[in-house]
Number of protein chains: 2
Amino acid sequence: MPAIERFAKYLSENRLKMTRERRAILADVLSVRGHFDVDDLLARLRRSGHHVSRATLYRTLPRLVESGLIHKVEMVDGQARYELMIGRHHHDHMVCLRCGTILEFESPEVERIQEDVCRRKKFVMTGHTHQIRGYCVSCAGDDRARALDSRGSNVAGRSRAGAGGARAGGRTGP
Amino acid sequence: MPAIERFAKYLSENRLKMTRERRAILADVLSVRGHFDVDDLLARLRRSGHHVSRATLYRTLPRLVESGLIHKVEMVDGQARYELMIGRHHHDHMVCLRCGTILEFESPEVERIQEDVCRRKKFVMTGHTHQIRGYCVSCAGDDRARALDSRGSNVAGRSRAGAGGARAGGRTGP
DNA sequence: GGATAATTGAGACTGAGTTGCAACTAGGAA
DNA sequence: TTCCTAGTTGCAACTCAGTCTCAATTATCC
Ligand SMILES: [Zn+2]
Ligand SMILES: [Zn+2]
Ligand SMILES: [Zn+2]
Ligand SMILES: [Zn+2]
């Protein structure tokens, strides 16, 4: 089933409306591969001439998540990312502290162990977050790398471009 | 080596000073078992008659982390926790979405797999975060549980006591 | 073509955490 | 011990992601 149709179905099933804004957001989301954040999305929307307010975007993303079209990646650095989940299945992430690159990994073994642990502790798991921090190939070996994290305030190069005005930042994740 | 001495060593090695505030914070941190957040700590400090500003607390915690005495647990819900690490080793966490209880687990197997993955992707790992969300024994089976998370905005019962004034909240994490 | 409930945008607000700055103080030098 | 200076503190203003309020707008059902 086409994404737009799937979203429409989800909406009508929940007595929600298919608005121009929601259509624009979905269209944009479908056009990106990889992980993106709210600012990325907003910048692209504006560039393509759509007027969607930040509030509306923040209100729509959870709908797209609930409809199963995208997935929210709650980053520990406090900046959530999203990714298209159509035809994909669960995986976890590795984040480069210098360039921001996000790699993916999956391990049925780890998933199994998680369930074992939960069973043992009688814990009902509803979700999990598993992120590896460090430096990707092209950033490792760099001077700035090393040290930081593990012990110490692990906050390194955020990709946030300084930005000029209040919240106009245009980011373009690698 | 006693904690206070270890901290003093760390401080002098870094040309930092052992102030009354730092001593009070360390003493308090040493008196707690389990995971605590900044508000917990601040409330206890005030209760025990110490005047330590929020800013100072935020400035001191990274020092305690760097000295290896405590560890920062970056929660995905945006509220960092800390825990004493003296005589302990690495572990990860399970967080109850209803009561806030934090359980711990450790799996050498998972840690090994992580390293394998990194080796394979030529990623230099400096740290990781692995958190399982769900419901603990006493909260599972409850009505409010179920649904939420996994798909949908996984935000459930934060332990935050309503609190009256601006930031006076007294929390007492289980 | 309405009626009506959902939606939108703007801006105020929240909450965790950070920062600039003037006053203060630990701790080595004299 | 007294001085001197770099480090420290508290406060308040600020940042930043995200949420909320509310009047105006609009999709959908009849
Ligand atoms: Zn996983
Ligand atoms: Zn991914
Ligand atoms: Zn681990
Ligand atoms: Zn722990």
Side-chain angles (χ1 to χ4, degrees), chain A residues 7-26 36-42 45-46 50-63 65 72-82 153-155 158-169 171, chain B residues 7-8 10-25 36-42 45-46 50-63 65 72-82 153-155 158-169 171:
Chain A
F7 192 42
K9 184 165 178 291
Y10 161 80
L11 290 175
S12 78
E13 280 174 359
N14 290 278
R15 220 179 284 90
L16 301 175
K17 295 171 179 175
M18 174 60 90
T19 64
R20 188 179 344 104
E21 291 77 8
R22 302 226 250 235
R23 246 189 301 268
I25 293 171
L26 174 56
F36 56 90
D37 61 29
V38 174
D39 285 338
D40 290 335
L41 198 35
L42 205 58
L45 281 166
R46 294 222 205 286
H50 289 104
H51 291 194
V52 176
S53 73
R54 189 170 287 274
T56 294
L57 188 47
Y58 272 113
R59 283 185 285 229
T60 299
L61 286 166
R63 301 314 192 169
V65 170
K72 182 178 186 178
V73 185
E74 305 244 30
M75 291 300 197
V76 186
D77 72 348
Q79 188 165 47
R81 306 295 175 109
Y82 295 85
S153 47
N154 53 315
V155 182
R158 295 276 254 74
S159 49
R160 212 160 240 303
R167 281 195 169 170
R171 184 187 308 95
Chain B
F7 192 41
Y10 161 81
L11 290 176
S12 77
E13 280 173 357
N14 290 277
R15 223 180 283 90
L16 301 175
K17 295 172 180 175
M18 174 61 89
T19 64
R20 188 177 345 101
E21 290 78 6
R22 293 187 179 158
R23 245 188 302 267
I25 293 171
F36 55 90
D37 62 28
V38 173
D39 285 338
D40 291 334
L41 197 36
L42 204 58
L45 280 167
R46 294 224 205 284
H50 290 104
H51 290 194
V52 176
S53 73
R54 189 170 287 273
T56 294
L57 188 46
Y58 271 114
R59 282 186 284 231
T60 300
L61 286 167
R63 300 317 192 167
V65 170
K72 182 177 185 176
V73 185
E74 304 244 31
M75 290 300 198
V76 187
D77 72 347
Q79 190 165 47
R81 305 295 175 110
Y82 294 85
S153 48
N154 52 316
V155 183
R158 294 278 254 73
S159 48
R160 211 159 243 302
R167 281 195 168 169
R171 182 184 312 92

Subject >> For the student: nearest non-hydrogen atoms of B:Ala24 and B:His50, plus distance >> reply: CB-CD2, 3.7 Å

Original post:
How far does CZ of A:Arg20 sit from OG1 of A:Thr56, to the nearest 0.5 angstrom?
Top reply: 11.0 Å

Subject >> Euclidean distance, atom CE of residue B:Met75 to atom C1' of C:dG17 [Å, nearest integer] >> reply: 17 Å

Original post:
Nearest-Å distance, CZ (B:Arg81) to C1' (C:dG17)?
Top reply: 15 Å

Original post:
Can you tell which of D:dG18, D:dA17, C:dG17 lies closest to the side chain of A:Val38?
Top reply: D:dG18

Any protein N or O atoms within reach of nucleotides 5-11 of chain D? Criterion: under 3.5 Å, listing atom names and distances.
residue : atom : partner : partner atom : Å
D:dA6   : N3   : B:Lys17 : NZ           : 3.1
D:dT8   : OP1  : B:Lys17 : N            : 3.2
D:dT8   : OP1  : B:Arg22 : NH1          : 2.4
D:dT8   : OP1  : B:Arg22 : NH2          : 2.8
D:dT9   : OP1  : B:Thr19 : OG1          : 2.8
D:dG10  : OP1  : B:His51 : O            : 3.0
D:dG10  : OP2  : B:Ser53 : N            : 3.1
D:dG10  : OP2  : B:Ser53 : OG           : 2.8
D:dG10  : OP2  : B:Thr56 : OG1          : 2.4
D:dG10  : N7   : B:Arg59 : NH2          : 2.7

Original post:
Are any side-chain N or O atoms of B:Thr60 and backbone N or O atoms of B:Leu57, one a donor and one an acceptor, separated by less than 3.5 Å?
Top reply: no

**OP:** Measure from CG on A:Asp77 to C1' on D:dC16 and round the result to the nearest Å.
**Re:** 12 Å

Subject >> Which atom of B:Phe7 lies closest to which atom of B:Arg22, heavy atoms considered >> reply: CE2-CB, 4.1 Å

**OP:** Please state whether the phosphate of C:dT18, meaning OP1 or OP2, lies under 4.0 angstrom from any side-chain nitrogen or oxygen of B:Tyr58.
**Re:** no

Original post:
To the nearest Å, how far apart are A:Asp40 CG and D:dA17 P?
Top reply: 12 Å

Original post:
Distance-only, no hydrogens or angles: does the B:Asp37 side chain make a donor-acceptor pair with backbone N or O of B:Asp39 under 3.5 Å?
Top reply: yes

Original post:
So which heavy atom on B:Met18 is nearest to which on B:Arg23, and how close?
Top reply: CG-NH1, 3.1 Å

